[in-house]
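A quick write-up on the structure given underneath.
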Amino acid sequence: SIDWKSVYDRYYPLLDRIASRSEFSDLLWEMQGELGTSHAYEMGGDYRPGPQYSIGCLGAKLSISDDRKYFTFSRIASADVWESKTAPPLKRLGVNIAEGMRLLKVAGQQVDGNNQPNAVLANQAGAEVTLEVAESDGSSPRTVTVKTLNTDTPLWYRDWVENNRRYVHKKSKGRVGYVFIPNMGPLGYAEFHRYFLAEYEHEGLIIDVRYNG
């Protein structure tokens, strides 16, 4: 058991030496460490909030050309196109953007080594944005409209899980199934049901709990 009184007696005298709010936060963090608390935090108060620049996410990895004149879609996240809140922007019906294609303009602005796409996408999260794209050789430029996301983390999460699943199936020649459980809360429960019912008939089953929250 934790002797709260002794922890209190150890840290209380240090209050007289606190000179700033950040030092007080440090003291509280140290004290919580002594108590071994779980799901207990120090937050809020008289901190001035920083500016927020919400970047409109495309769910793609971009690479710049050697001459720094254009970007290439080097990787596009595979995700659930039916999820209304996290639908992959580049898989929108009629967009038809594939890996290897060029990104020339965002919202009418040319993007290159001097004007990064994220600079144009600042404060464009959840907005309808035009992209000018071209084939890998620069031919057939065209303009499409996509709806950006506030975050593309769910897209890359699904992409990672599906890649793991395909890898296990390939290496085991279809004999082993794969289920990833991200946490022990509602999301983890939903993910278990999503994959277990599709994978349990394999001879073996890998239950992946790496990075479990």
Side-chain angles (χ1 to χ4, degrees), residues 1-61 75 77-89 116-119 121-127 147-165 167-168 177-200 205-213:
S1 62
I2 300 298
D3 186 347
W4 161 244
K5 184 61 168 59
S6 67
V7 174
Y8 174 82
D9 291 340
R10 182 182 303 120
Y11 284 88
Y12 184 77
L14 296 175
L15 284 175
D16 291 337
R17 305 182 67 176
I18 295 297
S20 68
R21 169 55 195 271
S22 61
E23 289 184 357
F24 180 62
S25 294
D26 286 339
L27 182 65
L28 284 179
W29 294 336
E30 292 292 332
M31 185 187 70
Q32 286 182 332
E34 293 272 13
L35 295 173
T37 54
S38 176
H39 291 75
Y41 312 97
E42 182 277 336
M43 64 183 67
D46 55 357
Y47 283 121
R48 180 176 295 177
Q52 298 291 322
Y53 303 103
S54 55
I55 305 298
C57 296
L58 299 176
K61 306 292 185 184
R75 180 83 183 280
S78 298
D80 300 334
V81 296
W82 57 84
E83 286 283 0
S84 59
K85 293 182 179 180
T86 58
Q116 302 285 325
N118 278 358
L121 290 168
N123 296 318
Q124 295 299 312
K147 185 175 183 179
T148 65
L149 298 173
N150 294 303
T151 175
D152 54 7
T153 298
L155 274 65
W156 292 114
Y157 164 79
R158 184 64 60 208
D159 185 86
W160 182 78
V161 172
E162 287 297 321
N163 280 337
N164 290 344
R165 185 176 177 223
Y167 178 84
V168 169
Y178 174 87
V179 177
F180 180 72
I181 302 179
N183 57 45
M184 297 305 175
L187 175 60
Y189 187 71
E191 289 292 284
F192 174 78
H193 275 270
R194 172 177 177 145
Y195 285 102
F196 179 74
L197 295 178
E199 299 289 288
Y200 80 100
L205 187 63
I206 291 177
I207 306 295
D208 190 352
V209 294
R210 293 175 297 170
Y211 323 116
N212 185 286

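Owing to the predicted nature of the structure, the values given are computational and were not obtained by experimental measurement.
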Who passes salt bridge (Lys or Arg N to Asp or Glu O under 4.0 Å) against Glu34, sequence neighbours left out? Arg10

Scan residues 24-43 for pairs that pass ring pair (Phe, Tyr, Trp, His ring centres under 6.0 Å), counting only residues two or more places apart or in two chains. none

Which atom of Ala198 lies closest to which atom of Arg165, heavy atoms considered: CB-NH2, 3.9 Å

Output all residues satisfying side-chain contact (heavy atoms from CB on, under 4.5 Å) with Ala125, sequence neighbours left out; order by chain, then residue number. Ser54, Asn150

With sequence neighbours excluded, what pairs up with Asp152 under the side chain to side chain donor-acceptor pair (under 3.5 Å) test? Trp156

Hits for side-chain contact (heavy atoms from CB on, under 4.5 Å) against Ala79, two or more places apart or cross-chain, chain-then-number order -> Pro88, Leu155, Arg158

Which atom of Gln124 lies closest to which atom of Thr148, heavy atoms considered: O-OG1, 2.5 Å

So for atom OH, which belongs to Tyr11, do other residues, nucleotides or ligands contribute more than 12 heavy atoms lying within a distance under 6.0 Å? yes

Taking only residues two or more places apart in sequence or in another chain, which ones pass salt bridge (Lys or Arg N to Asp or Glu O under 4.0 Å) with Lys5? Asp9

Hits for salt bridge (Lys or Arg N to Asp or Glu O under 4.0 Å) against Asp16, two or more places apart or cross-chain, chain-then-number order -> none

Distance from Leu28 atom CG to Met43 atom CE, nearest 0.5 Å? 12.0 Å

Answer whether the closest heavy-atom distance between the side chains of Ile181 and Tyr195 falls below 4.5 Å. no

Go through the structure and list residues passing side-chain contact (heavy atoms from CB on, under 4.5 Å) with Ala40, not counting sequence neighbours. Gln32, Thr37

Taking side chain as C-beta onward, heavy atoms only, is Pro182 less than 4.5 Å from Tyr211? no

Identify the two heavy atoms, one from Ile18 and one from Ser20, that lie closest to each other, and give their separation to 0.1 Å. CG2-O, 3.3 Å

Only counting residues at least two apart or in another chain, list the ones meeting side chain to side chain donor-acceptor pair (under 3.5 Å) with Asn164. Tyr178

Report the residue from Ile207, Val161, Val209 that forms a side-chain contact (heavy atoms from CB on, under 4.5 Å) with Phe180. Val161

Which atoms form the tightest heavy-atom contact between Asn163 and Arg75, and what is the distance? ND2-NH2, 2.8 Å

Are Arg21 and Glu42 ion-paired here, with the side-chain N under 4.0 Å from a carboxylate O? yes

Contacts of type side-chain contact (heavy atoms from CB on, under 4.5 Å), residue Asn118, not counting sequence neighbours: Ile55, Leu121

Verify whether one side chain among Glu162 and Ser78 offers a donor that lies under 3.5 Å from an acceptor in the other. no

Verify, without hydrogens or angle tests, whether Asn183 (side chain) and Asn212 (backbone) share a donor-acceptor contact under 3.5 angstrom. no

Contacts of type side chain to side chain donor-acceptor pair (under 3.5 Å), residue Ser84, not counting sequence neighbours: none

Taking every non-hydrogen atom, the tightest pair across Lys85 and Leu149: O-CD2, 3.6 Å

Are any side-chain N or O atoms of Glu30 and backbone N or O atoms of Asp26, one a donor and one an acceptor, separated by less than 3.5 Å? no

Partner residues of Arg210 under the salt bridge (Lys or Arg N to Asp or Glu O under 4.0 Å) criterion, sequence neighbours left out: Asp208

